[in-house]
Amino acid sequence: MEYDFDLFVIGGGSGGVRASRVAANLGASVAVAEERYFGGTCVNVGCVPKKLFSYAAHYRDDFEDSRGFGWVTPDIAFNWAVLKRNKDKEINRLKGIYRSILDNNNITTFEQRAVIQGPHEIRLEGKTVTARYILIAVGGWPWVPEFPGSEHAITSNEIFSMESLPESITVIGGGYIAVEFASIFTRMGCKTTLVYRGDKLLRGFDEEIRQFITEEIGQALDLKLEASPVKIDRNSNGLRLTLDTRDEICSEAVLSATGRQPLTRQLGLETVAVKTSTSGAVIVNEQFQTGEPSIYAVGDVIDRVALTPVALAEGQIVARALFSGDKPQLEYTNIPSTVFCHPNLATVGLTEEQARDKGLDIDVYSAKVKQLKHTLSGRNELSMLKLVVNCQDDRVIGLHMVGPEAGELVQGFAVALNCGATKADFDRTIGIHPTLAEEFVTMRNKRKSHV
Ligand code: NDP
C-alpha cells in the first residue's frame, strides 16, 4: 500500500524532532504535526528558560560572595523585565533553529493538532493523511491537584511569562520543578515559601543527599514540610494558602509544581490498539512500539524517564530501528541527572537504598565539605559528595553530589561509571587541586554498610 509519508510524528519537541531528522536522513519521507510550539517543553517552558533563570538567580550569590574577596558592590537590584525580554529573544531563536532543522531536512510540517484515526491514518484540519508508521511524541503537561481555589495556582507553563516578579510566592511540591523554582525565586528577591508533603525534599534521590539538600534549601527560604494544600482564597492582598497543618501562607502567587502527566487525551487512541497506563502514559515495548504495531511512542508521553536527553535517545532509536534496520537498545541504567536547585544536586547510578534493596554488599563513602571559596565569602554553604561501591567487584555503582556546577561534574563521572570504574580506579586518579571534585578521588574513610 502507498502511504503519504513513511513516518508521521505527532509532537515537535525533543523526541519528535530528533526522530524526524534521523528518519529523514535515512531516506524516509517524514511529516511532523505540532499544535503549540516547536522545541516542546524543554525549549519553551522547561529546561532551557529554567536554566537561564537559574543563571540569573546565581548572580545574587556571586555579588554577595564577591565582597569577601574585596569587591565593593553597590546595593544590587534585579530587573525581571530585562531577564524576560532577553530570555524570550533566545527562546525564539532556538524555536527558529528547531524549525530550520525540519525544513532543511525536507520534513513536512503541520502547525496544527493531529489526531490518530487508524493504524496508518492521521486527521488534520480538513484532511486525512496516511503514514506507514506513526510516532507519538506529544510530551506531558503540568498536573495540579484539585482542591478549593486550586485554579488560582499557576504552573511551570505560566511562570516564565509572568509580566512582573511577584513580591512573594508559595511553591507547592518537593520534586525537580518545585525545588528549582523555589531556589530561583528566593534569590531573585521574592519572599519564597516551599510547601512539601514529605519530610525531606526530592523523593527518589539518595536519602542522605535528600536530608542534606533539604537542610541547605531550608537556609535560603521558608520551608514547610509534612504539609499539604487544603484551599486557596483570593483576597485584596493576594492569595492565602491554607495547609492541612492549619498554617496559612499569604503570597502574591502560588506555583503548583506537583508533577506532570502524559498528554494522551483526545489523541484518537481509542481508534487503535494503543494502550495507556492509569497515569495516561502510552505503554510501549523495548522497541518503543505500542500495542498497535505501526504506532510508536517516545519521550514524556511514555513516562519512563522524563528527561530531554532520554527523549532524544529514544527518538533516535525508533528512527534507526524503522529505517536503517539496526536495533539499538537504550540502557536506562546510569542515566545522570541534575536538579538545578541552589546548590545543584547531581546524581548517577544507584542510591544507597537502591543498592541495598538489590541485596548488594556495599561500601559507602560520603563527605560534607566547605568549598575553599566560602572561607572568604563567608557563605554558610556546604557541599556533599557520596560514593556507593559494590564490595563484590569494587565498582562504583552510585555517585551523588550537592555542590556548585554539580551537573557539569557528574556528567564526566557518568562516563566513568558506564565504563565500570572501580573504587581503585578512582583512588589511583590524581586529584585536581584545589577543587571540590578532587574529593571524589580522595575519599578513604568508608562507612561499612553490609546488608
Ligand atoms: P516530580 O514528580 O519530580 O515532583 C512532583 C512533586 O509534587 C513531588 O514532590 C510530589 O510529592 C508532589 N505532589 C504530587 N501530588 C501532590 C499533591 N496532591 N499534593 C501535594 N504535593 C503533591 O514532578 P515535577 O513536576 O517537579 O517534574 C516532572 C518531571 O520533569 C521530573 O520528574 C523530571 O523527570 C522532569 N524535570 C527534570 C528537570 C531536570 O532534569 N533538571 C527539571 C524539571 C523537571 P511526593 O514526592 O510525595 O510524591
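Order of listing sets the numbers, starting from 1, for every ligand and every atom in it.
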Query - Shortest protein contact, atom 17 (C) of ligand 1 (heavy atom only) - result: R197 NH1, 3.5 Å

Requested in this report: Look only at interatomic distance and state if P145 has a nitrogen or oxygen under 3.5 Å from any nitrogen or oxygen of ligand 1.
Outcome: no

Query raised in the report: Counting N and O atoms only, with roles assigned by atom type, does the side chain of S100 sit under 3.5 Å from a partner on the main chain of D103, one being a donor and the other an acceptor?
Result: no

Requested in this report: Go through D206 and K386 one step at a time and tell me if the salt bridge (Lys or Arg N to Asp or Glu O under 4.0 Å) criterion holds.
Outcome: CA-CA 9 Å; D206 185 276; K386 178 164 178 172; 2.9 Å; yes

Query raised in the report: Tell me, which protein residue and heavy-atom name are nearest atom 30 (O) of ligand 1, and how many Å apart are they?
Result: A306 O, 4.0 Å

Report summary line: Within 4.0 Å of some non-hydrogen atom of A257, the atoms of ligand 1 are 5 (C), 6 (C), 7 (O)

Report summary line: Closest to atom 40 (O) of ligand 1 among protein heavy atoms sits L307 CD2, 3.4 Å

Query raised in the report: K50 heavy atoms, cut-off 4.0 Å: which ligand 1 atoms fall inside?
Result: 41 (N), 42 (C)

Query raised in the report: Using a heavy-atom cut-off of under 4.0 Å, does the side chain or the backbone of D300 touch ligand 1, or both, or neither?
Result: neither

Query raised in the report: Take atom NZ in K51; do more than 12 heavy atoms of anything else shown fall under 6.0 Å from it?
Result: yes

Query - Polar atom proximity, S228 to ligand 1 (N or O, under 3.5 Å) - result: no

Report task. Verify ring-ring contact (aromatic ring centres under 6.0 Å, His included) between Y176 and F205, making sure each step is shown before the conclusion. Result -> CA-CA 11 Å; Y176 280 82; F205 288 81; 5.7 Å; yes

Requested in this report: Around atom 28 (C) of ligand 1, find the nearest protein heavy atom and jot down its residue, atom name and distance.
Outcome: R260 CD, 3.7 Å

Requested in this report: Look at atom 26 (O) of ligand 1 and say which protein heavy atom is nearest, naming residue and atom and giving the distance to 0.1 Å.
Outcome: I177 N, 2.8 Å

Query raised in the report: Closest non-hydrogen protein atom to atom 1 (P) of ligand 1, residue and atom name please, with distance?
Result: G175 CA, 4.1 Å

Report task. Could you name the option among G259, P229, G407 that has the heavy atom nearest to atom 25 (O) of ligand 1? Result -> G259

Query - CA sep, side-chain torsions, deciding dist, call: E90, R93, salt bridge (Lys or Arg N to Asp or Glu O under 4.0 Å) - result: CA-CA 5 Å; E90 173 58 11; R93 188 184 73 83; 2.9 Å; yes

Report summary line: Judged by heavy atoms only, the candidate from V339, N344, T258 nearest atom 22 (C) of ligand 1 is T258

Query raised in the report: What part of F181, side chain, backbone, both or neither, has a heavy atom within less than 4.0 angstrom of ligand 1?
Result: neither

Query raised in the report: Any idea which of F340, W143, Y196, Y176 brings a heavy atom closest to atom 36 (N) of ligand 1?
Result: Y176

Query raised in the report: Between N344 and E405, is any side-chain donor less than 3.5 angstrom from a side-chain acceptor?
Result: no

Query raised in the report: N/O to N/O below 3.5 Å, does that happen between A178 and ligand 1?
Result: no

Requested in this report: For side-chain contact (heavy atoms from CB on, under 4.5 Å), just list the numbers for Q316 and V318, CA-CA rounded to whole Å, side-chain angles, deciding distance to a tenth of an Å, and then say yes or no.
Outcome: CA-CA 5 Å; Q316 175 150 331; V318 168; over 6 Å; no

Query - For E248, the option from L241, V230, T242 that meets side chain to side chain contact (heavy atoms under 4.5 Å, CB included) - result: T242

Requested in this report: Could you tell me which atoms of ligand 1, counted from 1 in the order shown, lie closer than 4.0 angstrom to a heavy atom of R203?
Outcome: 45 (P), 46 (O), 47 (O), 48 (O)

Query raised in the report: What do the steps show when you test Y365 against R447 for side-chain hydrogen bond (donor to acceptor under 3.5 Å, both in side chains), and what is the final call?
Result: CA-CA 6 Å; Y365 299 78; R447 169 159 63 75; over 6 Å; no

Report task. Any chance you could lay out the side-chain hydrogen bond (donor to acceptor under 3.5 Å, both in side chains) test for R356 and T351, step after step, and finish with the verdict? Result -> CA-CA 9 Å; R356 284 231 186 84; T351 65; over 6 Å; no

Requested in this report: Could you check R187 against H342 for side-chain hydrogen bond (donor to acceptor under 3.5 Å, both in side chains), going step by step and ending with a plain yes or no?
Outcome: CA-CA 9 Å; R187 280 169 179 75; H342 297 215; 3.3 Å; yes

Query raised in the report: Hey, is ligand 1 close enough to G174 that some N/O pair sits below 3.5 Å?
Result: yes

Query - Identity and separation of the nearest protein heavy atom to atom 42 (C) of ligand 1 - result: E180 OE1, 3.3 Å

Query raised in the report: Under the salt bridge (Lys or Arg N to Asp or Glu O under 4.0 Å) criterion, do E439 and K368 qualify, and how do the steps go?
Result: CA-CA 10 Å; E439 292 289 331; K368 292 177 187 171; over 6 Å; no

